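Down below is the structure, laid out as structure tokens.
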There are 4 protein chains.
Amino acid sequence: MGSTAQPRRGDTRQRIQDVALELFAEQGYEKTSLREIAEHLDVTKAALYYHFKTKEDIVVSLFHDLARPIDDLIVWGETQPRTLEVKKELLRRYSDALGAAAPLFRFMQENQATMRDLSVGETFKGRMLRLMELLNKPDGSMSDRVRCFTAIFTMHAGMLALTDVEGDPEEKREAILGVAIDLLVQAHGVTQ
Amino acid sequence: MGSTAQPRRGDTRQRIQDVALELFAEQGYEKTSLREIAEHLDVTKAALYYHFKTKEDIVVSLFHDLARPIDDLIVWGETQPRTLEVKKELLRRYSDALGAAAPLFRFMQENQATMRDLSVGETFKGRMLRLMELLNKPDGSMSDRVRCFTAIFTMHAGMLALTDVEGDPEEKREAILGVAIDLLVQAHGVTQ
Amino acid sequence: MGSTAQPRRGDTRQRIQDVALELFAEQGYEKTSLREIAEHLDVTKAALYYHFKTKEDIVVSLFHDLARPIDDLIVWGETQPRTLEVKKELLRRYSDALGAAAPLFRFMQENQATMRDLSVGETFKGRMLRLMELLNKPDGSMSDRVRCFTAIFTMHAGMLALTDVEGDPEEKREAILGVAIDLLVQAHGVTQ
Amino acid sequence: MGSTAQPRRGDTRQRIQDVALELFAEQGYEKTSLREIAEHLDVTKAALYYHFKTKEDIVVSLFHDLARPIDDLIVWGETQPRTLEVKKELLRRYSDALGAAAPLFRFMQENQATMRDLSVGETFKGRMLRLMELLNKPDGSMSDRVRCFTAIFTMHAGMLALTDVEGDPEEKREAILGVAIDLLVQAHGVTQ
DNA sequence: CATGAATGAGCCTTCATTCAT
DNA sequence: CATGAATGAAGGCTCATTCAT
């Protein structure tokens, strides 16, 4: 029923975002031209400009739509007491958020140089710093502080490596979360 | 000793590499044009082509000249027994190597998408995998394997974060190395 | 009298003309996009196409509606004897007409290159030539003929300069008209 | 000898200016694309960019190279006493300058809207005002002031009309200059 | 060693216009 | 009356690269 590539109306904006994110992550932001995106969608370049004001605007919209959970997470974190239990919960939730926003994160990871002058990049970096601040143990030793931020970077690196290393994805994610929590505990722990 | 005293006439090639690496790391490979590099050096674009066949060739040369220590490290590692002590030494040496090749690493970190089709990128990725293999505990639990590769990523992330976080650089580097070794030990250790 | 009282519903067409003329005069025809006009009116581009078949059509309609008095003036002139008195009256009436159609004239003045291939432009240029012919003293010396057409150009230039030069607008207009008539008289006069 | 469209080297910049000025004047600045200019010269668009940084830059260079005499004229005028004789000489020299820079002036005349945001446009307008100031009779009546600036505009309009009106060009130019001087004299005159 | 001049491909963006709803 | 969605053409500009000198 209507299977000859109907011009599915109404969801174009969404489809642009999907394709763009995929290509940006796969080939890099600069190397992905709007022509390429348009061809993947079988529309003209001009059509993209009906939905987004600029190329950068596509990225902005992606953050707008996909980075929300992480924002929420940080906001939540900032209302909580700075106990170890809360921090562990933060990591757990962050792991979930990362899973959901995986493609966006891959995009960021692979386009760090680009992110820097993408405006939304700086915004996001700020958020990351706040998140780290939440996990940090301000009066801890340098080693402890390193452990805290490593807890987060472990998870980021995990995202990347998930693809390259053998093993069941879900199992890997849990292992990664486990290690991250472990680092956090060590940073805060007295016993052990 | 270390005084091979290259003929001083014509250090242009070297200068091109320096400027290129700096700009590539700072602004990204794609966003840095040969014109820009040439202007920084006060020569013409055509001059660059006297020294390097293509833009990519500049990157290749950078790896050639700067990634050597890491290559050597891996070669060394592969001739050693897979003991914990050797692995610890690997991390130590890797930390040194990272310090020396910091700009190159920053460049890679920030241009991951680009790296993928830069030929030399794949080459390098292969080396990383071999390095990880060297550190790995093949029969270990998933968590232990995660700890092993996290040991390395911690150091990479450290590079990045060194700038953003307060504290004495050298002290930070040692703390990072310490945490990395710790992770390695935990992955292998029973009594820890 | 003059109260044909157009149905008030739907003055959009009029508003389009107003905004278009203003923007065309201010920024130039080519540099004013339909998008811009539409935005000023808070309607969509497509709406413009309901009222006007093309961008050029807007200009045509502007001439249709605003250049009429000048047309009438020329028609009137061509039925009159070629006396000096009539010519003076022509200038007077032209001065009035210019005042009324000022924005249109500014638009023409500032978009002369564009006018040339705007069809309506040629039409209008023809009218100007007829007007000049009416003022001309065919058997006069070259100087006299120059004076005749200068009489007109003085008034055009006046429009332009009115804004840049200090002084009461109405007073300036009268002075300009005075000089123009003077030129005309000199061209025709012996005893002057 | 060498008649098969040799790639005449060295004069490209000049040729670009020539063609550009001609096309800009003939069709308007906005409607003349760089592609068109390049095609007229049988080079690529990119070649234009080797010689000029932007499209606007071509215009700037044209003013730089062609408007110089007028600049000099004004500078000269500002060192002279404000006598009627000097003012007449100013007009005479201005007439010559206009003749030499005719295409440039035609370009300006036909692209006034464009001139406004072409940076060099404002610069030039400033010069015009200084020139008018030189000719002006500050304490004169409004009519006299109008005569002064009309003297100049007459000459500008003359340029334009030279093409449309029959008659020997040189004769026309002299007639125009005559009328302009006449206006000036009348503005300053005692008798009459 | 290095430059001056040029190219071809491609990029992001804008525009006037169309048409089904 | 008017909009939402899209198109095709074109525009200005930049880039990596080449080559004769």
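Quantities reported herein were computed from a predicted structural model and do not represent experimental measurements. Lettering follows sequence order; numbering is per chain, from 1.
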Inset, instruction - May I ask you to verify if any side-chain N or O of A:Tyr50 is less than 4.0 angstrom from the OP1 or OP2 atom of F:dA6? - result: no
Inset, instruction - Can you see which heavy atom on C:Ser119 is nearest to which on C:Glu56, and at what distance? - result: OG-OE2, 3.2 Å
Legend entry - Integer-rounded Å distance: E:dT13 P and A:Ile37 CD1: 11 Å
Inset, instruction - State whether C:Ser33 places a side-chain N or O below 4.0 Å from either non-bridging phosphate oxygen (OP1 or OP2) of E:dC15. - result: yes
Legend entry - F:dA20 - base-pair partner by Watson-Crick or wobble geometry, distances under 3.5 Å: E:dT3
Inset, instruction - With a 3.5 angstrom cut-off on both distances, give the Watson-Crick or G-U wobble partner of E:dC15, or none if there isn't one. - result: F:dG8
Legend entry - Minimum heavy-atom distance D:Ser61-D:Gln17, with the two atoms named: OG-NE2, 2.8 Å
Legend entry - A:His51 side chain near F:dG4 phosphate (N/O to OP1/OP2, under 4.0 Å): no
Inset, instruction - Would you kindly give the CG-to-P distance between D:Leu23 and F:dG12, to the nearest whole Å? - result: 12 Å
Legend entry - Comparing A:Thr54 and C:Lys55 on DNA chain E - which has the more 5′ nearest nucleotide: A:Thr54
Legend entry - Phosphate-side-chain proximity, D:Tyr49 and F:dT14, N/O vs OP1/OP2 below 4.0 Å: no
Inset, instruction - Nearest-nucleotide wise, let me know which of A:Arg13 and C:Ala46 is further upstream toward the 5' end of DNA chain F. - result: C:Ala46
Legend entry - Any side-chain heavy-atom pair of C:Gln27 and C:Glu36 under 4.5 Å: yes
Inset, instruction - Take the protein atom NZ of B:Lys53 and the nucleotide atom C1' of E:dC1, then report the distance between them rounded to whole Å. - result: 19 Å
Legend entry - Value in whole Å for how far the C1' atom of E:dC12 lies from CD of A:Glu56: 13 Å
Inset, instruction - Drop me the distance from A:Leu66's CG to A:Phe105's CZ, to the nearest 0.5 angstrom. - result: 10.5 Å
Legend entry - Axial cation check for A:Tyr29 ring with B:Lys31, 6.0 Å and 45° limits: no
Inset, instruction - Compare side-chain N and O positions of B:Thr12 against OP1 and OP2 of E:dA2 and report whether any pair is under 4.0 Å apart. - result: yes
Legend entry - C:Val43 vs A:Ala47, nearer the 5' end of DNA chain F by closest nucleotide: C:Val43
Inset, instruction - Identify the residue among D:Asp18, D:Asp11, D:Thr12 that makes a side chain to side chain donor-acceptor pair (under 3.5 Å) with D:Gln14. - result: D:Asp18
Legend entry - Nearest-angstrom distance from the residue atom CD of C:Glu30 to P of F:dG12: 12 Å
Legend entry - D:Tyr29 OH - F:dG12 P separation (whole Å): 8 Å
Legend entry - Atom pair distance, as rounded to whole Å: CG in C:Leu34 and P in F:dT3: 14 Å
Inset, instruction - Looking only at side-chain atoms of C:Thr44, point me to the closest of F:dT3, E:dT7, F:dA6. - result: F:dT3
Legend entry - Base F:dT17 paired with B:Lys45 side chain (donor-acceptor, <3.5 Å): yes
Inset, instruction - Give the rounded distance in Å between these two atoms: CG of A:Leu48 and P of F:dG4. - result: 19 Å
Inset, instruction - Check whether any side-chain N or O of C:Arg35 sits under 4.0 Å from OP1 or OP2 of E:dT14, and answer yes or no. - result: no
